[in-house]
Amino acid sequence: MPYAHTIAGNPHWLPLNPTRKLRTIPGERGWPFVGNTLRVLKDPQAFARRMVARYGPVYRNNAFGGDSVILIGPEANELVLFDKDKNFSSEQGWGPVLNLVFPRGLMLMDFEKHRADRKTLSVAFKPEPMKHYAEQLDAGIARQVGGWANRPMRFYNEVKALSLDLAATSFLGVPLGPEAATINRAFVDEVQASISAIRTPLPGTSMRRGMKAREYLVEFFKREIPARRDGEGQDFFSQFCRATDEAGEPLAADAIVDHMNFLMMAAHDTITSSATSLVMLLGRNAEWQERLRGEMLSLGSNDGGVPHSQLDRLVLTEYAFKEALRLVPPVPSIPRRALRDFSFGGYHIPAGSFVGVNPAYTHHMPEHWPDPETFDPMRFSPERSKGRHRFAWVPFGGGAHMCIGLHFATMQIRILMAHLLRRYRIELDEGAGEEWQAFPIPRPRDGLPLRFVPIDY
Ligand code: HEM
């Protein structure tokens, strides 16, 4: 991450610490110029395991253009994410990665301003709009999934395309067609830019394409806002346009644009990644497919979908989804920046340090998750959850920035699974999903080749 560059562009941020300030914390600077970046990119969790084995649960790492201090385990997650003393900035943690393409989204805000905007946006996540999204998702998923019988496919690619189409309707209120397709393309370019290694928008780079895409989307949102403010649309965009703050004032047009842009990014690859890992794990554990199918069939209605009012009854499906999120969390590590000096694990960590916590590492710690590599959804039953540290499972983060879309994500996955498992048996290709690219959001390198085989009842 180009720490120095980003700090220069944000004068209200703390200045960059000289490296010597972290010298009491054990760790490695890695190779000249790139530090440990290549090793982290190759396999972030293998790198973390090696560092923890060598230095313990607090270590210094030099990657992506700067030093950061990594804190490992549930206590670290609680300290940094729950942040009861307001010591950690999300804006200054995520900013170096996201500010160029997704500025001023919720994760790029701190404290009072963040609280106020989050509250305003929360109307779009209330039960009534959720019911509306559920209906839209149900119809959209049924339309696509119905045509998946016996078709060899790479599931990751299919579910990514499906999620984009679903977002056009439930996020933007735009019917599928040429405009939705252009929006989807622009949006994919933006996300690509946010994770590209070249951070300057030079001609021909994904950063340049991403910034152009952003211009297109900003223009689209701005053009639509007046009509959406006066309309009755139930999609996220229309809700944000009509939302008012504590003083009864609507959000400014620029703020709506930034929040929409960010929301689409936050929702998209995370849902795609977690749907893919769940399907892979169910493909490998046929008995769990059966159990989930049984649960779905026990709800009665046999048209493939599940009414919104019954989604909460898919308890085993929820456990299985939680277990997939444990094994393959879509946001494997979470960055922050310390605004004040603090201590953890016997180390003094100075203000201005970039700090990271590691959900993926925590989710595989045998002291919190016995037999951690085994797919065992019943770990999430109330009996077996008893006594577990509340920050041992943090795929959605925790504290003030905890994922605002977690119920939406859970709902979409339940609806998708209901449509898939009632119709089909998952048949993975030999060796499917063996290797995953972990960074920035996990995806199987082979796209998860499989077939959905229709079930004869
Ligand atoms: C399985 C799917 C998802 C996962 C694993 C996930 C994960 C996360 C995590 C870990 C954070 C907190 C990051 C931090 O503390 O720095 C977060 C924040 C956020 N997520 Fe999600 N997310 C998912 C789906 C969604 C969806 C569907 C939406 C929108 C409908 C969404 C919108 C957001 C937003 C707006 C934030 C920022 C919240 C804030 O800063 O107050 N996410 N998500």
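Only this structure's heavy atoms are used, side chains among them; waters, hydrogens and symmetry mates stay out.
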Just distance, no hydrogens or angles: give the donor-acceptor pairs under 3.5 Å from side chains in residues 143-158, sequence neighbours left out.
unit_1 : atom_1 : unit_2 : atom_2 : d
N150   : OD1    : R451   : NH1    : 3.4
R154   : NH1    : D446   : O      : 2.6

Once you measure the plane-to-plane angle for F102 and F262, does it fall in the parallel (<30°), tilted (30-60°) or perpendicular (>60°) bin?
perpendicular
Check the side chains of [Y] and [X] for a donor-acceptor pair under 3.5 angstrom, ignoring hydrogens and angles.
| X | Y | result |
| --- | --- | --- |
| T410 | E318 | no |
| R228 | S238 | yes |
| D245 | T120 | no |
| N77 | H389 | no |

So W393 and F321, ring-ring contact (aromatic ring centres under 6.0 Å, His included) or not? Walk me through it.
CA-CA 12 Å; W393 184 79; F321 182 43; 8.5 Å; no
Any pair with a residue in residues 261-276 that passes salt bridge (charged side-chain N to carboxylate O under 4.0 Å, His left out), sequence neighbours left out, goes on the list, sorted by first then second residue, please.
K160-D269
Salt bridge (charged side-chain N to carboxylate O under 4.0 Å, His left out) pairs, two or more places apart, involving residues 87-105:
R104-D258
May I ask you to test the [X]-[Y] pair for a side-chain heavy-atom distance under 4.5 Å?
| X | Y | answer |
| --- | --- | --- |
| V331 | I441 | no |
| L421 | L282 | yes |
| P96 | F354 | yes |
| E224 | F220 | yes |
| T200 | M207 | no |
| L137 | H132 | no |
| H259 | M109 | yes |
| I70 | I72 | yes |

Separation of [Y] [atom2] from [X] [atom1] (nearest 0.5 Å):
| X | Y | atom1 | atom2 | result |
| --- | --- | --- | --- | --- |
| M296 | R291 | CE | CZ | 13.0 Å |
| H401 | F88 | NE2 | CZ | 12.5 Å |
| W288 | L292 | CH2 | CG | 7.0 Å |
| L100 | E190 | CG | CD | 11.5 Å |
| N358 | L71 | CG | CG | 10.5 Å |
| R379 | F375 | CZ | CZ | 10.0 Å |

Between R425 and E427, is a salt bridge (Lys or Arg N to Asp or Glu O under 4.0 Å) present by the stated rule, with each step listed?
CA-CA 6 Å; R425 188 164 44 76; E427 209 172 275; 3.0 Å; yes
Looking at [X] and [Y], would you say the former's side chain and the latter's main chain have a donor-acceptor pair under 3.5 Å?
| X | Y | answer |
| --- | --- | --- |
| E246 | A116 | no |
| H364 | L327 | yes |
| R340 | D85 | yes |
| R242 | G233 | yes |
| S385 | S381 | yes |
| R115 | A400 | no |
| T270 | A267 | yes |
| D138 | A134 | no |
| N87 | A338 | no |
| N261 | V257 | no |

Charged N to carboxylate O below 4.0 Å: is that the case for [X] and [Y]?
| X | Y | answer |
| --- | --- | --- |
| R118 | E112 | no |
| D376 | R384 | yes |
| K113 | D117 | yes |
| D83 | R336 | no |

Report the C-alpha separation of L450 and M280 in whole Å, then their side-chain angles, then the decisive distance to 0.1 Å, and conclude whether the side chain to side chain contact (heavy atoms under 4.5 Å, CB included) test is met.
CA-CA 9 Å; L450 54 70; M280 179 186 78; over 6 Å; no
Decide side-chain hydrogen bond (donor to acceptor under 3.5 Å, both in side chains) for T244 and E249; before the verdict, give the C-alpha distance in whole Å, the side-chain angles of both, and the deciding distance to 0.1 Å.
CA-CA 5 Å; T244 49; E249 295 296 323; over 6 Å; no
I want to check a possible cation-pi pair here: R388 against F380, using under 6.0 Å from ring centre and within 45° of the ring axis as the test.
yes
Test the R214-F187 pair against the cation-pi criterion, namely NZ or CZ under 6.0 angstrom from the six-membered ring centroid and within 45° of the ring axis.
no
Heavy-atom pair with the smallest gap, counting every atom of [X] and [Y]:
| X | Y | value |
| --- | --- | --- |
| Q239 | A124 | CB-CB, 3.7 Å |
| L14 | R337 | O-NH1, 2.9 Å |
| L278 | A320 | CD1-O, 3.6 Å |
| G283 | I426 | CA-CG2, 3.9 Å |
| A392 | H363 | O-CD2, 3.2 Å |
| V40 | A63 | CG2-CB, 4.2 Å |

Considering residues, nucleotides and ligands other than [X], do more than 12 of their heavy atoms fall under 6.0 Å from its [atom1]?
| X | atom1 | answer |
| --- | --- | --- |
| F342 | CZ | yes |
| E232 | CD | no |
| E287 | CD | yes |
| K322 | NZ | yes |

As a quick check of understanding, evaluate ring-ring contact (aromatic ring centres under 6.0 Å, His included) for F452 and Y424, giving each step before the final call.
CA-CA 5 Å; F452 288 108; Y424 308 123; 5.5 Å; yes
So, applying ring pair (Phe, Tyr, Trp, His ring centres under 6.0 Å) with F171, which one of F240, Y133, F408 is it?
F408
Run the salt bridge (Lys or Arg N to Asp or Glu O under 4.0 Å) test on E290 and R293 for me, step by step, so that the C-alpha distance in whole Å, both residues' side-chain angles and the decisive distance to 0.1 Å come before the verdict.
CA-CA 5 Å; E290 273 312 312; R293 193 170 290 122; 2.7 Å; yes
